[in-house]
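To start, the structure under review is shown below, and the notes come after it.
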Amino acid sequence: MIPAAHAVLDFSALRHNVERVREYARGAKIMAVIKANGYGHGLERIADALSTIDAFAVARVDEGVRLREAGIGQRIVVLEGFCQHNELDLLRRFGLEPVIHDASQIDLLESVAVTQSLSVWLKLDSGMHRLGFDAEEFTAAYRRLNDCQAVRQPISLMTHLAKADDLDDDTTSRQVQQFKRVTTGFAGECSIANSAGIMGWSDIHADWVRPGIMLFGVSPFSDKNGGDHGLKPVMTLHSRLLAIKNLQTGDAVGYGGEWVCSRPMRMGIVAVGYGDGYPRSAVSGTPVLVNGQRVELIGRVSMDMISVDLSECASAKVGDSVVLWGEDLPVEEIAKYASTIPYTLLCGVTQRVRIIEEQWAAQDAVVKESRA
Ligand SMILES: *Cc1c(COP(=O)(O)O)cnc(C)c1O
């Protein structure tokens, strides 16, 4: 039995999106960024489905350990690196590659008595002002790592773009120029571009690209949907109609009763809410698909349920299929109605939502039909 609120993953879409990355960044190797539980799609599951990818990147050491324990053999970069001795032990034990962004990490590396065991990525802060050494500190950090017995050579080099989704802003060009200037003459592979960098800018693909959101079929640009870039959504969030009722003019719907019927109407209750990761900030009017037809959310989102206007959906009945985002309803659009970005919606899908691969969802439908 598939629970009411479930997310169906389309792995053919995932593979299609990887091909789009290859088209944008011809010749570059791909480090698939699958932090935050694979942007809500399931860490191990997505890594398994990307078996031909060159490398993976995660944010934290424990995410890298999970991938190794799931049998993932590719290189794994840990974007936040480490800040404790025990994390360094795990990195070495599981063959993970930390990003070095702070001098305290080099102190730790110099204090361990191991030879050439750890591959590392040295990060330049080229203007994001989050992690990384600034241009003045970078060379000294590189030299220390070069001399450090615990570090395998050559050291890989990276930076991160702060505004690559704004094509009219020259920050990206300045960041890239600075990265090239500071790293010229250093041995080691380079990586600069996230999804917006890959799709929006040329000449910044370097040796490795680091796509995250675009792998999942979603656009990093606020005025575009994944489909505009030829990407296909991997996740479709589904639920079902739990109840249908007829309301009268003046009836108030949901907590707070903020939404009031201005006419007699048919209303549906859908089994999804913020307890599943559907955003509480979604306003009345947010589109929802009932049997593939667009209807509108009405009233406040509660923990387990939402209400929709079924006035234009006369044939809808209890048990019918509902789509909250995904195929035919871009998550980018829902993010706008919820005053957020698609990243938070995908990452925010909660444990309660069963995640299923498309082939199994289709099989369940066949089982249901043969029983009927
Ligand atoms: C998350 C992240 C990425 C991927 O970003 P997207 O916008 O999802 O493509 C790349 N590099 C770093 C350092 C990141 O933190």
Side-chain angles (χ1 to χ4, degrees), residues 14 17-18 20-22 24-25 28-41 43 46-47 50 53-61 63-64 67 75-82 96-102 105 120-133 156-167 169 171-172 175-176 179 189-201 204-226 229 231 233-235 331-332 335 340-349:
L14 182 67
N17 298 334
V18 170
R20 291 295 294 145
V21 177
R22 292 203 194 283
Y24 275 111
K29 284 182 274 189
I30 301 178
M31 184 190 298
V33 182
I34 56 172
K35 58 197 180 188
N37 200 29
Y39 288 53
H41 296 65
L43 179 69
I46 292 296
L50 291 175
I53 211 82
D54 305 297
F56 291 105
V58 290
R60 310 264 161 82
V61 176
E63 293 175 311
L67 287 176
R75 292 174 67 180
I76 299 174
V77 178
V78 177
L79 296 169
E80 290 185 350
F82 59 92
L96 308 172
E97 305 182 13
V99 170
I100 306 299
H101 52 77
D102 190 275
Q105 295 174 299
V120 303
W121 291 71
L122 179 60
K123 186 168 192 174
L124 173 72
D125 177 2
S126 58
M128 173 105 174
H129 299 130
R130 201 175 58 179
L131 293 184
F133 295 90
S156 304
L157 309 165
M158 68 178 290
T159 193
H160 192 41
L161 302 170
K163 289 194 184 179
D165 58 332
D166 186 346
L167 301 177
D169 193 292
T171 304
T172 299
Q175 285 193 265
V176 173
F179 181 76
E189 294 183 309
C190 296
S191 175
I192 303 171
N194 54 3
S195 296
I198 293 165
M199 293 193 279
W201 303 80
I204 69 169
H205 295 138
D207 301 302
W208 287 89
V209 289
R210 304 192 306 271
I213 196 84
M214 72 179 291
L215 293 174
F216 302 101
V218 175
S219 176
F221 302 101
S222 61
D223 58 345
K224 295 245 164 38
N225 293 334
H229 314 284
L231 300 169
V234 175
M235 179 198 291
V331 68
E332 292 92 331
T340 186
I341 54 173
Y343 294 77
T344 64
L345 298 186
L346 296 179
C347 292
V349 170

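Start at 1 and go down the list; that is how both ligands and their atoms are numbered. For clarity, every value in this text was computed on a predicted model and none was experimentally measured.
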Practice prompt. Over 60° means perpendicular and under 30° means parallel, so classify the ring planes of Trp208 and Trp121, tilted if in between.
Written response: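 Ring orientation of Trp121 relative to Trp208: perpendicular.
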- Between the side chain of Arg210 and the main-chain N/O of Ala57, is any donor-acceptor distance below 3.5 Å?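 Not confirmed, Arg210 side chain does not pair with Ala57 backbone.
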Please check: side-chain N/O of Ser195 versus main-chain N/O of Pro211, any donor-acceptor pairing under 3.5 Å?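 Looks like no, no N/O pair under 3.5 Å.
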* To do: Would you mind checking if Arg75 and Glu97 are paired as a salt bridge, meaning a charged N to carboxylate O distance below 4.0 Å?
  =>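 Answer for the salt bridge query: yes.
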Q) Is it true that Lys29 and Glu189 make a salt bridge, defined as a side-chain N closer than 4.0 Å to a carboxylate O? A)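 Glu189 and Lys29: salt-bridged.
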What does the contact table look like for ligand 1 (nitrogen or oxygen on each side, cut-off under 3.5 Å)?
residue	atom	partner	partner atom	Å
ligand 1	7 (O)	Tyr343	OH	2.7
ligand 1	8 (O)	Tyr39	OH	2.5
ligand 1	8 (O)	Ile213	N	2.8
ligand 1	9 (O)	Ser195	N	2.8
ligand 1	9 (O)	Ser195	OG	2.5
ligand 1	9 (O)	Gly212	N	2.9
ligand 1	11 (N)	Arg210	NE	2.9
ligand 1	11 (N)	Arg210	NH2	3.4
ligand 1	15 (O)	Lys35	NZ	2.6

- Message: Exactly one of Ile341, Val33, Val218 should register a side-chain contact (heavy atoms from CB on, under 4.5 Å) with Ile213. Which one does?
- Response: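 Filter result, single survivor: Val218.
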